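Whatever order the structure lists them in is the order used to number ligands and atoms, beginning at 1. These numbers were taken from a predicted model, which means no experiment stands behind them.
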Amino acid sequence: MELKRRQFLAWLGLGALSSLNLGCGGRGFSIGTLLEPPAQGEASAPPGPSDFIMRNDLGASPRLDAATGTPQRLLNFGHLSDVHITLEQFTFTGHPKLEKMLDGFGEEIGFGGLDRPDVQEKYDVDTLRAMVKTLNAADPPLDFVINTGDAVDIGTVPELVGFLSEMNQLNCPWFQAVGNHDCLGLGNIPPEMLENFTDLDFLNKQEFIEKHFPQEAHSLSRTAFGSQAKGFDFSPASHGNPPEFLGYYAFTAMPPVSGGDGRHTRPGIRLYVLETSRAAGKALGHVGKEQLRWLKEELGHHPRFLGVVVSHHPIGRIEEGREELRNLLLDHPQVIALVCGHEHRHRIQAFKNTQKPGTGFWQIQTGSLIDYPQQGRILEIYDRGNGTGAIRTFVFNQQANGQLGKNARASFRSAAGERFDGSGSSEDRNVELIFPMPLLF
Ligand SMILES: [Fe+2]
């Protein structure tokens with residue numbers, strides 16, 4: 001690709017190349033139908049094109065050697081996190097031994113989900129169903145949706161069955177990451193311990209993963225991207241019978257495209273989904289050496305793919321392996337983002353590589369569907385053509401109509417009345433995040 005000096009100078013102004021000019025046909029992204037005008041404290045619809053805050057915290061600059069010359073939208077996907085489908089009839093009544101055991105944990109760990117208002121637990125499935133309908137209405141359609149863990153709350157099989165039956169109504173493929181509530185009772189306690197105190201069927205990691213394999217229900221993601229199990233069939237597994245799946249996996253969302261001269265005209269995009277739960281118990285995250293080795297090898301084999309890493313825990317909530325993971329991601333310039341949840345709040349942070357100014361990655365955290373503000377997120381990845389790229393992302397509430405929408409809004413209003421507010425600041429919500437394109441040639 002040959003760049004004329006005049007073109008290159010035009011690309012030097014980051015502001016001059018807003019995503020509005022990125023060749024998406026002048027058409028904004030739309031999703032669902034807004035029923036009521038958003039107001040302070042009300043559920044919000046997707047923002048208009050001018051409502052995005054541009055962030056270049058990484059200090060990315062246009063550069064000729066990484067420029068494809070063609071501004072283009074590469075991928076758009078939905079992000080849900082911490083849905084926390086709850087076994088609403090669960091109480092301590094009838095489980096005095098369990099209550100005593102939990103009291104023994106003292107203040108060290110929290111079991112916040114146990115005292116959520118009833119209306120949020122009552123309408124948890126409706127809130128998810130309404131969000132699935134809203135995601136299905138996205139225009140242009142989403143390439144896929146990813147849930148970054150905590151599908152369930154108490155950690156039981158019936159909760160997961162409820163979650164899966166709603167998610168399988170998505171009209172696009174969807175992928176799952178393991179959260180601490182998905183394999184530890186109440187997000188903290190090894191399931192076998194809890195089963196000694198109750199007659200409930202608690203999930204361990206293997207059971208959680210196996211439930212994602214095709215059973216009676218069929219969904220589009222049986223074949224999309226080659227996965228038949230929401231990504232878990234890509235996970236390394238033991239050779240046992242049945243095999244034990246480790247729960248982390250990678251897949252290619254988009255292969256790179258080469259031009260006639262053998263050069264790339266479009267980068268590929270690959271997702272690396274981590275498994276950060278801690279089998280021994282406790283809500284904080286853990287990334288073991290074996291998983292880090294796997295990730296390093298994966299990234300090493302795919303330098304021409306933009307890398308989006310996905311996990312339940314944000315880096316700051318990973319207790320074991322935090323520094324190793326952060327450094328591994330910073331060492332690979334193709335990694336543009338870590339998409340995660342866990343804290344039930346929107347938050348976007350830049351992780352800069354201080355050794356190489358102008359590089360690093362974005363950590364994008366999304367709130368929960370059970371706690372305020374009950375929002376999901378859309379992420380659109382652009383190549384700006386000039387050696388930089390952008391992740392344009394926004395948050396939104398469900399937009400379903402009829403009784404379903406009413407029920408979900410009742411849950412939203414209840415959450416709005418709680419003390420917890422996971423909205424974050426405006427810089428954590430509707431933003432355009434600039435990143436440096438890796439060298440693709
Ligand atoms: Fe959670």
Side-chain angles (χ1 to χ4, degrees), residues 78-88 90 102 105 108-117 120-121 123-125 127-128 131 145-156 159-160 162-164 166-167 174-191 194 202-205 208-209 230 247 273-279 281-287 310-319 338-347 363-377 395 411-412 414-415 418-424 428:
H79 179 206
L80 298 179
S81 198
D82 296 85
V83 176
H84 283 266
I85 295 297
T86 301
L87 192 63
E88 60 192 86
F90 180 84
L102 295 183
F105 281 92
E108 190 191 336
I109 51 177
F111 302 103
L114 292 178
D115 49 17
R116 278 198 189 92
Q120 282 158 257
E121 295 190 356
Y123 292 132
D124 55 356
V125 170
T127 300
L128 176 57
M131 185 55 92
V145 170
I146 190 135
N147 180 61
T148 48
D150 283 5
V152 298
D153 188 61
I154 305 293
T156 63
E159 292 172 329
L160 181 57
F163 174 87
L164 292 174
E166 297 307 321
M167 287 295 278
W174 68 273
F175 294 88
Q176 176 77 291
V178 180
N180 54 299
H181 279 256
D182 300 324
C183 56
L184 294 169
L186 307 162
N188 283 271
I189 306 167
L194 285 174
F202 283 88
L203 292 156
N204 62 31
K205 188 172 90 178
F208 179 78
I209 289 172
K230 324 307 174 199
V273 181
L274 305 183
E275 199 288 280
T276 56
S277 70
R278 191 172 177 277
K282 208 171 174 183
L284 291 172
H286 166 260
V287 187
V310 174
S311 68
H312 175 65
H313 293 87
I315 283 183
R317 289 294 183 170
I318 291 173
E319 191 175 40
L338 171 67
V339 177
C340 55
H342 185 65
E343 292 186 313
H344 295 204
R345 70 179 68 177
H346 301 318
R347 190 174 183 201
Q363 179 172 278
I364 302 169
Q365 260 179 280
T366 298
S368 161
L369 279 201
I370 194 84
D371 287 325
Y372 188 79
Q374 297 192 342
Q375 289 175 326
R377 184 185 286 282
V395 298
S411 174
F412 172 82
S414 168
E418 291 287 284
R419 269 188 307 176
F420 181 83
D421 180 358
S423 303
D428 299 312

Item to check | Worked check of side chain to side chain donor-acceptor pair (under 3.5 Å) between His84 and Asp124 | outcome: CA-CA 8 Å; His84 283 266; Asp124 55 356; over 6 Å; no
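Thr86 and Glu121 are not linked by any side-chain donor-acceptor pair at a separation below 3.5 angstrom, with hydrogens and angles left out of the test.
In this structure a side-chain-to-backbone donor-acceptor pair under 3.5 Å is missing from His79 to Val395. Under a 3.5 Å cut-off, the side chain of Asp153 and the backbone N or O of Ile85 do not form any donor-acceptor pair.
When the side chain to side chain donor-acceptor pair (under 3.5 Å) test is applied to Asp82, the partners found at least two apart in sequence or on another chain are His344.
A salt bridge between Arg345 and Asp371 is absent, with no side-chain N of the basic residue lying under 4.0 Å from a carboxylate O of the acidic one.
Excluding waters, the set of protein N/O/S atoms under 2.8 Å from the Fe ion (ligand 1) reads Asp82 OD2, His84 NE2, Asp150 OD2, His344 NE2.
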